[in-house]
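Note that the coordinates shown come from a computational prediction; the quantities given were computed from them, not determined experimentally. Sequence lines set the chain letters: A, B, ... in the order given, protein chains first and strands last, and positions in each chain run from 1.
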Number of protein chains: 2
Amino acid sequence: MRHKSYACSFGCSVEAAIEAIGGKWKGVILFHLMDGTKRFNELRRLMPSVTQRMLTKQLRELERDGIVHRHVYAEVPPRVEYRLTAFGETLEPILKELEAWGSQYLNKLAALRSEKE
Amino acid sequence: MRHKSYACSFGCSVEAAIEAIGGKWKGVILFHLMDGTKRFNELRRLMPSVTQRMLTKQLRELERDGIVHRHVYAEVPPRVEYRLTAFGETLEPILKELEAWGSQYLNKLAALRSEKE
DNA sequence: CGGTATCCGCGTTGATACTG
DNA sequence: CAGTATCAACGCGGATACCG
């Protein structure tokens, strides 16, 4: 799914953007990181329905894509903090708009359902 | 994947938004529909790598979600046109920003690769 | 023209157990 | 605390064929 060849020229940057942030939990992860640096288990607590495996995987992809920075402290017990990179921060306005739009969308879905009853 | 219960309160509207537009081809479809009404095979020509099955499926989901309107003309041969709904049009600024960001992102990926060589 | 129907591979995800 | 490893299951998506 990831890292296909983006040979096409038009509309594909939209696709690339959606691939970067459209992973199953990435939007929510990024949204929480907009609040500031978070530790691994902090994120887990914020997203209880995400398994540890998936959280790790999504964070690694975001790191690979230059959106999230991972800082490992050489301590015992281990401490790992995640934060947006400068590039990741350029997503903030988009994430905020997505949240606003998503909220409208959820309202609309709820309205559609209640009018069917 | 779709129509989970959105019981949670925070960050989930981002998730909902991404689920609505994050389908494999939805971003590109919507981007093309921003140009104006398109017939089914017009969209196919604009996105040659999308199979007919997938295009149909994604369009049906966008229709169900109130983002795209499907107009069937009672003609022979059949004619079906797709266009953004009023609600779908509220996505336009977001899609444009996603495209701009995606373009930056692709540049960044290309830079990362070339500096590894 | 604009779809459905069916089959199936394979990637993604979850569950569980283990670790430095 | 913050992961990795392994295995099994599920479902997305492609290929192909057929239809009104």
For atom CZ of B:Arg79 and atom P of D:dG20, their distance in whole Å: 23 Å
Result for side-chain contact (heavy atoms from CB on, under 4.5 Å) between A:Tyr82 and one of A:Leu33, A:Leu55, A:Leu62 points to A:Leu33
Take the protein atom CD of B:Glu81 and the nucleotide atom P of C:dG2, then report the distance between them rounded to whole Å. 9 Å
Using a 4.0 Å heavy-atom cut-off, does A:Arg44 contact any base of the nucleic acid, only the sugar-phosphate backbone, or nothing at all? nothing
Between atom CE in B:Met47 and atom P in C:dG2, what is the gap in whole Å? 13 Å
Look at the side-chain N and O atoms of B:Lys24 and state whether any lies under 4.0 Å from the OP1 or OP2 oxygen of D:dG14. yes
A:Gln58 CD to D:dT4 P, straight-line distance once rounded to whole Å: 14 Å
Protein-nucleotide distance (A:Gln52, atom CD; C:dT13, atom P), rounded to Å: 16 Å
C:dG3 OP1/OP2 closer than 4.0 Å to side-chain N/O of B:Tyr82: yes
Once you round it to whole Å, what is the distance between C1' of C:dG2 and CG of B:Asn41? 7 Å
Can you check the B:Leu55 CG to D:dC12 P distance for me, whole Å? 17 Å
Quick check on D:dG3: is either OP1 or OP2 less than 4.0 Å from any side-chain nitrogen or oxygen of A:Arg60? yes
Select base, sugar-phosphate, or nothing to describe what A:Tyr73 touches, counting heavy atoms under 4.0 Å on all strands. nothing
Could A:Glu81 and A:Arg79 be called an ion pair, given the rule that one side-chain N must be under 4.0 Å from one carboxylate O? yes
To the nearest angstrom, how far is B:Arg53 atom CZ from D:dC12 atom P? 9 Å
